[in-house]
Each structure stands twice: as structure tokens, then as C-alpha cells.
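I have placed the structure first, in the form of C-alpha cells, so that the comments after it can refer back to it.
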Amino acid sequence: MKSNDFFTLANGVKIPAVGFGTWQIPSGDVAYNSVAAALKSGYRHIDTALAYGNEASVGQAIRDSGIDRNEIFVTSKLPAEVKSYEKVVRYAEKTVKNTALDFIDLYLIHAPWPWNEIGADYTKENIQVWKAMEEFYESGKTRAIGISNFNVKDINAILETCRIRPTVNQIKLHIGHRQEEITEHCRKNDILVEGYSPLATGRILENPSISAIAKKYGRSVAQVSVRYVLQKGALPLPKSTHPEYIKQNFDIDFEIGQEDMNYLDSLK
Ligand code: A2P
């Protein structure tokens with residue numbers, strides 16, 4: 001798969017195979033310039049969230065790009081703390097308003113639990129929240145809905161009770177953090193896995209084992225790391241604020257051989 005290819009979601013919507021992640025990119029000039037650089041480098045998929053605080057700058061960069069809105073895929077997320085049916089559509093509409101785009105392409109529940117209660121059981125609440133997500137989807141203001149940071153149990157609770165199935169589960173995914181149980185469960189249920197932090201937020205960039213592989217292909221560790229996620233069948237969401245890195249992370253049209261993939265799989 002190439003960086004300008006698409007995955008097809010279970011509802012038939014096409015999603016560009018590499019997205020630009022904007023977590024931890026500050027609102028204002030930094031977010032605006034980073035998204036502008038990403039679009040200039042060829043990315044057509046931008047991932048944001050209300051919780052990132054940068055939706056307005058992301059939307060502005062998209063609107064100013066001169067690229068047809070329909071050619072850019074925009075994802076945003078319902079804050080993890082919103083766990084009641086009543087509040088969902090209000091938050092979703094706030095996101096659409098923040099971006100000043102007429103619609104969002106993909107809207108995700110940011111996490112199964114509030115960030116200050118990681119791992120807590122919000123199954124009952126998530127089922128109700130999902131009902132409102134379905135209604136938001138049916139309003140036409142998003143082209144697809146999904147989840148993020150959901151484990152197998154959380155996913156099953158939705159699958160067992162939904163009318164409209166989640167199309168995506170966005171999770172942390174990188175060399176040394178393969179999340180096999182979740183990715184396999186998603187694959188079986190036709191849920192596309194998106195991988196955030198494909199560079200482990202920078203922690204694997206100095207890894208000598210990955211460096212050796214990168215050298216072999218004449219690529220950077222970042223490129224091998226993004227490519228690895230794509231070859232695992234997931235959609236990578238690399239983040240950067242530097243135009244040269246942004247460009248490099250999208251320039252990943254090479255193939256890591258099976259033996260090297262196996263080796264990368266073995267790294268902890
Ligand atoms: P910066 O944002 O300063 O450009 P992840 O995508 O796993 O969240 O990793 C993001 C981190 O990796 C950021 O600190 C980012 O730096 C850094 N980074 C992103 N792309 C590259 C690259 N090609 N080379 C080196 N560092 C990179």
C-alpha cells in the first residue's frame with residue numbers, strides 16, 4: 001500500500017491510508033503551519049480532537065489550502081469525559097463549528113473512560129453514548145463513526161448493542177507495542193485499526209535495532225516506523241511540527257521485507 005492509497009471503511013467510505021496526527025500540536029500558528037505543511041506534502045487526512053484544543057487552527061489550514069474539501073479526510077473526537085447520551089450531539093456540533101467545515105469525515109469516542117479514570121468500567125455509559133453517535137452519523141454531519149482506545153471488552157459491548165457498527169478503532173501502535181489482541185479482534189470485525197504515536201512519541205527514534213533496518217533500506221527510523229504500521233494493515237498517524245519531518249513521514253513508498261517485518265515484530 002502507498003501513502004496516497006486508501007483503506008475502505010465497513011460503510012464504504014474511503015479513508016486516506018496515512019493521516020497527519022495533531023495531538024500535542026499547540027493551537028494557533030504551530031497547528032496551522034503544521035497542517036498546511038502536511039497538505040503541501042500530500043497528506044489528505046488530518047486527525048484532531050476537541051481535547052487537543054487545535055480544531056479551529058486545523059480547520060482554518062484546511063479551508064485556506066485551496067484543496068477541495070471533499071479531497072481531505074478530517075477526523076475528530078468526542079472528549080473522553082463525555083459519558084452521557086444527552087451531551088454527545090452538542091459536543092459533536094461544537095467540533096463541526098470549531099473547524100468551520102460543514103461536516104467531519106470521521107467522529108470517534110476518544111476513550112472508553114475519562115482520562116483521570118483510565119481502565120474504569122463505563123460500559124453502560126458507552127452504550128448510551130454510542131446511540132447518540134449513531135444519531136449524529138444519521139444527521140449527515142459525519143461520514144463515519146468509530147472508537148478510540150477501546151479494548152476487546154469495550155468493543156464487544158458496542159458490537160452487541162449497536163445499530164450501526166464502529167468503522168474504526170484508533171489505538172496506540174508502534175514497533176514494540178503491537179496490541180495484537182485488539183488488532184486481531186478489530187480485523188475479524190471489519191473495524192479498521194488506526195495507529196497513533198507510530199514513533200512512540202519519539203522514543204524509538206534512537207533505537208539501534210530499528211536504525212540497523214533503516215540503514216538497510218536507506219530510510220530514516222521514522223520512515224521505517226510509519227511504514228511498519230501500514231504493513232501491519234493499520235493506518236498510521238505520525239505527528240510532527242517540522243516540515244521536513246512531516247514530508248519524510250509521508251514518503252514511505254518502500255517495502256519492508258517479510259524477514260525484517262518478523263524481526264521488527266520481535267522487538268520489545
Ligand atoms: P516534532 O513534533 O518536534 O517535529 P508520534 O508520531 O509517535 O507521536 O511521534 C512524534 C514525535 O516524533 C514528535 O516529538 C516529533 O517531533 C518527532 N518526529 C516526528 N517525525 C520525525 C522524524 N521524521 N524524524 C525525527 N523526529 C520526528
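Index from 1, following the sequence. Atoms within each ligand, like the ligands themselves, are counted from 1 in listed order.
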How about Tyr52 and Lys77: does a side-chain donor come under 3.5 Å of a side-chain acceptor? yes
Show me which atoms of ligand 1 lie under 4.0 Å from any heavy atom of Ser197. 5 (P), 7 (O), 8 (O)
With distance as the sole criterion, is a donor-acceptor pair present between the side chains of Asp47 and Tyr196 under 3.5 Å? no
Under 4.0 Å from ligand 1, counting heavy atoms only, is it the side chain of Ser220, its backbone, both or neither? neither
Please compare Val30, Thr201, Leu173 and report which has the shortest non-hydrogen distance to atom 14 (O) of ligand 1. Thr201
Distance to 0.1 Å, residue and atom name: give those for the protein heavy atom nearest to atom 20 (N) of ligand 1. Asn249 ND2, 2.9 Å
Per-atom contacts of ligand 1 with Ser240, taking only distances under 4.0 Å to non-hydrogen atoms: 1 (P), 2 (O), 4 (O), 19 (C), 20 (N)
Is it the case that Tyr263 and Gln258 place a side-chain donor and acceptor less than 3.5 Å from each other? no
What do you reckon, does Leu205 have a nitrogen or oxygen under 3.5 Å from a nitrogen or oxygen of ligand 1? no
Does the pair Glu134/Lys131 count as a salt bridge with the N-to-O cut at 4.0 Å? no
Counting from 1 in the order shown, the ligand 1 atoms closer than 4.0 Å to a non-hydrogen atom of Pro198 are 6 (O), 7 (O)
Side chain, backbone, both or neither: the part of Ile25 lying under 4.0 Å from ligand 1 by heavy atom: neither
What is the nearest protein non-hydrogen atom to atom 18 (N) of ligand 1, stated with its residue, atom name and distance? Leu199 CD1, 3.7 Å
Atom 15 (C) of ligand 1: closest protein heavy atom, distance to 0.1 Å, is Lys239 O, 3.8 Å
May I ask you to check whether His45 and Phe7 place their ring centers less than 6.0 Å from one another? no
May I ask you to check whether Ala200 has an N/O atom sitting below 3.5 Å from an N/O atom of ligand 1? yes
Answer with side chain, backbone, both or neither: which part of Ile246 has a heavy atom less than 4.0 angstrom from an atom of ligand 1? neither
Pairing donors with acceptors under 3.5 angstrom, does anything connect the side chains of Gln248 and Ser220? yes
Please determine whether any non-hydrogen atom of Pro238 lies less than 4.0 Å from an atom of ligand 1. yes
Would Arg69 and Phe103 count as a cation-pi pair here, with the cationic atom under 6.0 angstrom from the ring centre and within 45° of the axis? yes
Atoms of ligand 1, numbered as shown, that sit under 4.0 Å from any heavy atom of Gly202: 9 (O), 11 (C), 12 (O)
Would you call Glu180 and Lys232 a salt bridge, taking side-chain N to carboxylate O under 4.0 Å as the test? no
Ion pair Arg227/Glu255, N-O distance below 4.0 Å: yes
Around atom 27 (C) of ligand 1, find the nearest protein heavy atom and jot down its residue, atom name and distance. Tyr245 CD1, 3.5 Å
Ligand 1-proximal atoms of Ala222, by part, heavy-atom distance under 4.0 Å: side chain
Gln248 and ligand 1 - part of the residue with a heavy-atom distance under 4.0 Å: side chain
Looking at every non-hydrogen atom in both residues, tell me the closest pair between Ala38 and Ile246 and how far apart they are. CA-CG2, 3.5 Å
